[in-house]
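To start, the structure itself, in structure tokens.
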Amino acid sequence: VQLQASGGGLVQAGDSLTLSCSASRRFFSSNVVGWFRQAPGKEREFVAGIRWGGGRTYYADSVKDRFNIYRDNDEGMVHLQMNSLKPEDTAIYYCALGSTLGSNKQNYVHWGQGTLVTVSS
């Protein structure tokens, strides 16, 4: 499965931005799609995840009041809506596919190439 993250860009602090994740095939009910990010010099960290079947979500504490992950059944895509962006949200954002909803990177098998989000102060 090939994943593609898109929608990154340069925004100002306080702005909103929506990222999109598409796959080379349709997502199955058992699939979990996660968003991770990696800032320069830092480890890749979990941001949010969603189970395709049922739509259950899970967020990192640092973003749960600002970000919203949701699925689009018609498009077969998962989006990450990011609100009230902060400079510390600057990172390369990756989407990944797994089967267990959670923050453990080891549970995600397929990874896409990331999209860069830069938040200026």
Side-chain angles (χ1 to χ4, degrees):
V1 180
Q2 293 182 336
L3 301 173
Q4 179 67 51
S6 61
L10 173 62
V11 296
Q12 294 185 333
D15 285 352
S16 297
L17 194 64
T18 298
L19 305 182
S20 300
C21 179
S22 60
S24 56
R25 61 148 174 85
R26 293 192 66 85
F27 295 118
F28 301 141
S29 296
S30 60
N31 286 155
V32 169
V33 178
W35 283 98
F36 291 76
R37 66 186 181 186
Q38 188 166 16
K42 294 188 176 181
E43 294 287 324
R44 189 172 299 188
E45 64 175 3
F46 172 79
V47 176
I50 186 168
R51 181 171 297 283
W52 186 258
R56 182 179 179 184
T57 59
Y58 183 67
Y59 295 90
D61 288 342
S62 59
V63 306
K64 63 181 180 180
D65 295 327
R66 300 184 295 124
F67 291 9
N68 178 42
I69 187 171
Y70 61 97
R71 69 195 196 282
D72 186 317
N73 287 317
D74 291 337
E75 293 182 337
M77 298 175 71
V78 171
H79 303 286
L80 182 68
Q81 181 183 2
M82 305 184 294
N83 302 313
S84 302
L85 282 163
K86 305 174 181 180
E88 51 263 44
D89 294 317
T90 294
I92 298 174
Y93 284 71
Y94 301 87
C95 63
L97 186 65
S99 58
T100 302
L101 183 60
S103 60
N104 190 342
K105 292 190 292 291
Q106 305 303 319
N107 291 331
Y108 294 85
V109 178
H110 302 283
W111 293 80
Q113 294 188 357
T115 185
L116 177 62
V117 174
T118 304
V119 185
S120 63
S121 59

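Sequential numbering from 1 along the given sequence is applied to the chain's residues. From a predicted model like this one, the values you see are computed outputs, not experimental measurements.
In terms of heavy-atom proximity, Tyr108 sits nearest to Gly98 at CD2-N, 3.8 Å. Nearest heavy-atom pair, Ser62 versus Arg37, reported as atom, atom and distance to 0.1 Å: OG-NH2, 3.8 Å. Across all non-hydrogen atoms, the minimal contact from Leu3 to Ala23 is CD2-CB, 3.6 Å. Of all heavy-atom pairs spanning Leu17 and Gly9, the tightest one is CD2-N, 3.9 Å.
In this structure, the separation between CD on Glu75 and OG on Ser20 is 7.0 Å, given to the nearest 0.5 Å. A distance of 9.0 Å separates OG of Ser84 from CZ of Phe67, quoted to the nearest 0.5 Å. Interatomic distance, Asn68 CG to Thr57 OG1, rounded to the nearest 0.5 Å: 7.5 Å. Remark: Gln81 CD to Arg66 CZ distance equals 12.5 Å, nearest 0.5 Å. Note that the CG atom of Asp72 and the SG atom of Cys21 stand 12.5 Å from one another [nearest 0.5 Å]. Between the OG atom in Ser22 and the CD atom in Gln2 there is a gap of 10.0 Å [rounded to 0.5 Å].
Side chains of His79 and Thr18: no donor on one and acceptor on the other come within 3.5 Å. The closest side-chain donor-acceptor pair between Arg25 and Asn31 falls under 3.5 angstrom.
The closest side-chain heavy-atom distance from Val1 to Ser24 is below 4.5 Å. Between Pro87 and Ser121 there is a side-chain heavy-atom pair separated by less than 4.5 Å. For the pair Val78/Ile50, a side-chain contact is recorded, criterion being any heavy-atom separation below 4.5 Å from C-beta on.
Enclosure of atom CD in Gln12 is not indicated, since only 12 or fewer non-hydrogen atoms of other residues, nucleotides or ligands lie within 6.0 angstrom. Other residues, nucleotides and ligands contribute more than 12 heavy atoms inside 6.0 Å of the CD atom of Glu88. The local environment of CD in Glu45 is crowded, with over 12 non-hydrogen atoms from other residues, nucleotides or ligands closer than 6.0 Å.
Note on Leu97: it does not cluster hydrophobically with Val32, by side-chain heavy-atom contacts below 4.5 Å among ILVMFWY residues. The hydrophobic clustering, which links ILVMFWY residues whose side-chain heavy atoms are closer than 4.5 Å, places Val11 and Met82 together.
For the pair Thr115 (side chain) and Leu19 (backbone), a donor-acceptor distance under 3.5 Å is absent. With Arg71 contributing its side chain and Trp52 its backbone, the two residues share a donor-acceptor pair below 3.5 Å. With hydrogens and angles disregarded, a donor-acceptor distance shorter than 3.5 Å links the side chain of Tyr59 to the backbone of Ile69.
Using a cut-off of 4.0 Å between Lys/Arg side-chain N and Asp/Glu carboxylate O, Lys86 and Asp89 are scored as not salt-bridged.
The ring pair (Phe, Tyr, Trp, His ring centres under 6.0 Å) with Phe36 is formed by just one residue from the set Tyr94, Trp111, Tyr93; it is Trp111.
The side-chain tip of Arg44 does not point at the ring of Phe46 from less than 6.0 angstrom away and within 45° of straight on.
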